[in-house]
2 protein chains.
Amino acid sequence: MDDETRKIPSHEVTYGRLRDMILFGRLEPGQPVTIQGLVKELDAGMTPVREAIRRMTAEGALLPQGNRRVAVPNLTPALLEQLAFVRLTVEPKLAELAGAALTPALIDRLEAIDGAVDAAIKGGRVSDYLESNHAFHFALYEASGAPLLVDIARSLWLRFGPSLRVVCARYGATALPDRHEEALAAMRAGDVKGLARAIENDIQQGIDQIRQAQEAGEI
Amino acid sequence: MDDETRKIPSHEVTYGRLRDMILFGRLEPGQPVTIQGLVKELDAGMTPVREAIRRMTAEGALLPQGNRRVAVPNLTPALLEQLAFVRLTVEPKLAELAGAALTPALIDRLEAIDGAVDAAIKGGRVSDYLESNHAFHFALYEASGAPLLVDIARSLWLRFGPSLRVVCARYGATALPDRHEEALAAMRAGDVKGLARAIENDIQQGIDQIRQAQEAGEI
DNA sequence: GTTCAAGAAATTTGATCAAATTATCCCGCC
DNA sequence: GGCGGGATAATTTGATCAAATTTCTTGAAC
């Protein structure tokens with residue numbers, strides 16, 4: 001363990017932890033994030049925490065408040081609209097690129113991950129759902145060979161995470177749709193366009209859910 | 001001056017300076033960026049410099065080298081292709097949104113900026129061209145009311161900057177096209193779609209130039 | 001005697017921490 | 001309701017430690 005810990009710098013570890021906290025909604029929209037709070041919570045030094053916060057801020061996952069504090073941003077309807085536009089452009093494209101590079105081994109792996117997604121939905125475990133859903137999408141996207149697009153998708157998911165968690169927790173994970181079967185069927189059939197459409201539908205559905213929650217004033 | 005300097009934190013200033021160095025190509029692709037080098041060059045403390053570097057890294061404007069150094073990334077053909085895809089999606093959209101919100105005052109301002117672009121081209125001043133060209137685009141984009149899209153455009157320009165500078169310096173600024181007249185004409189005519197097309201052409205042309213330089217092995 | 005390579009020392013650079021400074025917020029008081 | 005003053009947190013600096021690169025040296029082979 002000491003060998004591992006020594007290799008990977010503390011600020012990377014700290015960044016990863018903070019990122020997951022936001023990505024998987026362990027921090028709520030609007031919640032303030034303080035350096036000293038994270039120092040205690042993550043048991044890290046001040047410098048690594050500062051750097052992690054700056055990185056998240058640069059990615060739009062944290063929002064400077066003018067007074068030198070930062071907080072988890074609220075997803076306003078206007079922001080959601082912009083987010084939707086880019087996600088619906090970039091992620092189907094990623095699916096298309098990945099579709100052209102799929103291997104049987106990768107499809108198997110995606111099936112296994114989707115199994116975990118299903119299990120999480122059936123069991124009503126929101127955190128597991130969010131993590132395995134994320135894993136499914138990015139295991140696919142990574143196969144695209146387009147790291148810049150993957151980076152952009154990642155930063156968009158970060159802005160999405162906190163609100164999605166709230167919505168899931170509200171409706172319960174059992175109500176969540178799983179469009180991954182559609183995607184997997186297209187993969188098996190070698191239907192690249194169909195895969196892109198399935199991913200598009202999946203994303204659209206997630207966006208619609210958040211939009212509905214917004215209109216209902218729930219977030 | 002002390003009032004100004006005290007208000008805006010040092011790490012913000014440092015970040016802004018480093019960002020401009022990359023955005024306007026004062027750092028070449030492949031060039032290593034060191035903390036201590038920037039500490040001396042920008043006359044800043046170590047922490048602000050570290051944070052600026054982390055932010056730029058998070059935006060993809062600097063690339064970690066594995067050994068804990070960072071450098072200005074080279075724009076490979078594969079990256080350029082991904083970059084082109086997103087820019088050609090996001091920036092025409094920004095132009096379209098901005099087109100619906102244009103005021104005569106803003107058009108006047110854009111005309112003035114375009115005058116500076118022209119003057120820089122005629123005078124062969126590459127730096128001035130890059131800065132006023134950037135100013136033109138983002139003055140327009142800011143009017144879109146879509147800050148998330150503007151953020152994305154900004155990060156894409158950052159990845160573009162260093163290579164664009166090399167290309168401009170090679171071909172000379174006098175050879176640079178200026179599609180802004182087309183855009184301004186569309187603005188005056190209230191032709192939103194035409195404005196979006198003009199911006200799309202402008203971007204496409206810049207991308208083509210870099211692509212040609214890549215194929216010629218010049219960058 | 002020259003050349004090359006391996007290894008060790010020195011230098012450069014990055015990572016982390018702790019203390020001092022400064023700004024902001026909040027609460028009691030006028 | 002506006003105005004200090006204490007508490008809290010962010011900023012910044014400088015020092016220290018660790019890692020990596022470069023340079024220099026040494027020894028062996030040709």
Side-chain angles (χ1 to χ4, degrees), chain A residues 1-19 21-22 26-74, chain B residues 1-19 21-22 26-74:
Chain A
M1 168 185 158
D2 216 39
D3 289 343
E4 307 298 322
T5 323
R6 194 160 304 166
K7 289 268 180 220
I8 174 166
S10 158
H11 62 88
E12 286 291 344
V13 177
T14 306
Y15 167 76
R17 290 215 237 169
L18 177 57
R19 186 200 51 208
M21 285 172 72
I22 292 173
R26 292 208 294 281
L27 298 177
E28 287 178 24
Q31 183 173 338
V33 172
T34 68
I35 294 179
Q36 319 226 352
L38 288 179
V39 166
K40 284 171 199 149
E41 185 168 348
L42 300 180
D43 192 38
M46 186 181 262
T47 305
V49 168
R50 282 184 74 82
E51 294 185 8
I53 289 179
R54 292 279 179 262
R55 280 173 74 172
M56 296 302 291
T57 305
E59 296 184 79
L62 290 175
L63 195 66
Q65 305 282 0
N67 55 358
R68 34 202 215 168
R69 314 283 169 95
V70 297
V72 181
N74 271 101
Chain B
M1 168 187 160
D2 216 37
D3 290 342
E4 307 300 321
T5 323
R6 193 158 303 166
K7 289 270 180 216
I8 175 167
S10 158
H11 63 86
E12 286 291 344
V13 178
T14 305
Y15 167 75
R17 290 213 236 171
L18 176 57
R19 185 199 54 208
M21 285 172 73
I22 293 173
R26 293 208 294 280
L27 299 177
E28 288 178 25
Q31 183 172 338
V33 172
T34 69
I35 294 180
Q36 319 217 358
L38 288 179
V39 166
K40 284 172 199 148
E41 184 167 350
L42 300 180
D43 191 38
M46 190 183 258
T47 305
V49 168
R50 283 185 73 81
E51 294 186 8
I53 289 179
R54 291 278 178 263
R55 283 173 72 172
M56 296 302 291
T57 306
E59 296 184 79
L62 290 175
L63 195 67
Q65 304 282 355
N67 55 2
R68 36 201 213 164
R69 314 283 168 98
V70 298
V72 181
N74 272 99

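Side-chain atoms are counted along with the backbone in the values below, which use heavy atoms only and exclude waters and symmetry mates. In what follows, chains are A, B, ... by sequence order, proteins preceding strands, each numbered from 1.
Between Ser10(A) and dT16(C) there is a side-chain polar atom (N or O) within less than 4.0 angstrom of OP1 or OP2. The shortest distance between the side-chain N/O atoms of Arg50(B) and the OP1/OP2 oxygens of dA15(C) is below 4.0 Å. Note on Asn67(A): every side-chain N or O is 4.0 Å or more away from OP1 and OP2 of dA23(C).
Distance Gln36(A) CD to dT22(C) C1': 14 Å, rounded to the nearest Å. Look at CG on Leu38(A): it is 12 Å from P on dA9(D), rounded to the nearest Å. Residue Met46(A) contributes atom CE, which lies 8 Å from atom C1' of dA9(D) at whole-angstrom precision. As a whole-Å value, the separation of Glu12(B) CD from dA10(D) P is 15 Å. Atom CD1 in Ile35(A) sits roughly 14 Å away from atom C1' in dT22(C) (whole-Å rounding). When the P atom of dA10(D) is taken as reference, atom CD of Glu51(A) falls 16 Å away, rounded to whole Å. Spacing between atom CG of Asp43(A) and atom C1' of dC17(C) amounts to 14 Å, rounded to whole angstrom units. Taking atom NE2 on His11(A) and atom P on dC17(D), their separation rounds to 19 Å, with Å as the unit.
Taking the side chain as every heavy atom from C-beta outward, Val72(B) and Leu63(B) never approach each other to under 4.5 Å. You'll find the side chain of Ile35(B) reaches within 4.5 Å of the side chain of Arg50(B), heavy atoms only.
Nearest nucleotide to the side chain of Arg54(B), out of dT16(C), dA15(C), dG14(C): dA15(C).
Salt bridge absent: Glu51(B) and Arg55(A) never bring a charged side-chain N and a carboxylate O closer than 4.0 Å.
Two residues, Thr47(A) and Gly66(A), neighbour DNA chain C, and the one matched to the more 5' nucleotide by heavy-atom proximity is Thr47(A).
Here the straight-line distance linking atom CD of Gln31(B) with atom CD1 of Ile22(B) works out to 9.5 Å at 0.5 Å rounding. Separating the OG1 atom in Thr14(B) from the CZ atom in Arg19(B) is a distance of 12.0 Å, to the nearest 0.5 Å.
Contact annotation: side chain of Arg68(A) to base of dT22(C), donor-acceptor pair present below 3.5 Å.
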